[in-house]
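The block underneath contains the structure these notes are about, expressed in structure tokens.
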Amino acid sequence: RKEVEQDPGPFNVPEGATVAFNCTYSNSASQSFFWYRQDCRKEPKLLMSVYSSGNEDGRFTAQLNRASQYISLLIRDSKLSDSATYLCVVIPNQAGTALIFGKGTTLSVSS
Amino acid sequence: DVKVTQSSRYLVKRTGEKVFLECVQDMDHENMFWYRQDPGLGLRLIYFSYDVKMKEKGDIPEGYSVSREKKERFSLILESASTNQTSMYLCASSFRYGYTFGSGTRLTVV
């Protein structure tokens, strides 16, 4: 089983749609979880951290389910500018350990 | 803002050449990383370093080495470049959970 797995998509949605991405991780001892965003031919950038209690940043909501070892990202009211690849990222144990990336889910928002 | 600078945006090298990819960060971060990114394979960790002169192998270290003589600089070395090392190379630095990536070096080996 791969460490971090994501549905690669692509997800093609119209503007205004709500879209959800899921990600599963294999190491139950994993400590920290993130969603990164990567635009075409650009470097990944942190979108948001994921906490057990769930967290929201504007139109974006992230959830963590430790029992089932999955992470989700919900995007409401999609904008054209949300088109990108979304990377699920896990830190296996402690701070300073290298990030483990999923292969990413591609989102395309159209007008 | 933390800045991570990679010396070259695009690079073309010949098979068998020794290649140096340089990465410099300006925020005194202890941790630095080299990844490569390929279509369908995602980002894969090559090497990382927790401190000066320290290095740890990642998932795909074969064919690569690294050097960290100063805290701010982490170099990736391809001892003898091969065509299967054609890729996008991304450097990152971090303090605790704050990771910042450089803009990447797209290396083509011909």
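Residue numbers start from 1 in every chain, and the chains themselves are labelled A, B, ... in the order their sequence lines are given, proteins ahead of strands.
Follow the hydrophobic side-chain contacts under 4.5 Å out from A:Phe60 and you reach A:Leu64 in the same cluster. The same ILVMFWY cluster, assembled from side-chain heavy atoms under 4.5 Å apart, contains both B:Leu21 and B:Ile60. There is no path of hydrophobic side-chain contacts, each under 4.5 Å, that joins B:Phe101 to B:Val24. Note on B:Tyr64 and B:Leu11: same hydrophobic cluster, where clusters join Ile, Leu, Val, Met, Phe, Trp and Tyr whose side-chain heavy atoms are under 4.5 Å apart, directly or indirectly. Hydrophobic clustering of Ile, Leu, Val, Met, Phe, Trp and Tyr side chains at less than 4.5 Å, counting indirect connections, keeps A:Ile100 apart from B:Met32.
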Can you give each donor-acceptor pair under 3.5 Å made by side-chain atoms of residues 83-92 of chain A, sequence neighbours left out, with the distance rounded to 0.1 Å?
from	atom 1	to	atom 2	distance (Å)
A:Ser83	OG	A:Leu80	O	3.0
A:Ser83	OG	A:Val109	N	2.9
A:Thr85	OG1	A:Thr106	OG1	3.4
A:Tyr86	OH	A:Asp82	O	2.5

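The choice from A:Pro44, A:Gly102, A:Ser49, A:Gly104 that makes the most heavy-atom pairs within less than 4.5 Å of chain B is A:Pro44.
Of residues 79-88 of chain B, not one residue has a non-hydrogen atom less than 4.5 Å from any non-hydrogen atom of chain A.
Taking a 6.0 Å sphere around OH of A:Tyr70, one finds it holds 12 or fewer heavy atoms contributed by other residues, nucleotides or ligands.
Expressed to the nearest 0.5 Å, how far NZ of A:Lys103 lies from CG of B:Leu43 amounts to 12.0 Å.
Summarising the geometry of B:Arg9 relative to A:Arg41, their closest heavy-atom pair is NH2-O, 3.0 Å, with the distance given to 0.1 Å.
Proximity to chain A (any heavy atom under 4.5 Å) is shown, for B:Arg44, by neither the backbone nor the side chain. Residue A:Gln6: no heavy atom, backbone or side chain, is found under 4.5 Å from chain B. Neither the backbone nor the side chain of B:Glu56 comes within less than 4.5 Å of any heavy atom of chain A.
For the pair A:Leu99/B:Ser94, no side-chain contact is recorded, criterion being any heavy-atom separation below 4.5 Å from C-beta on.
Among residues two or more places apart in sequence or in another chain, the side-chain contact (heavy atoms from CB on, under 4.5 Å) test is passed with B:Lys71 by B:Asp28, B:Glu30, B:Val52, B:Arg68.
Listed by first and then second residue, the disulfide (SG to SG under 2.5 Å) pairs that reach into residues 10-85 of chain B are B:Cys23-B:Cys91, sequence neighbours excluded.
No donor-acceptor pair under 3.5 Å is formed between the side chain of B:Tyr35 and the backbone N or O of A:Phe101.
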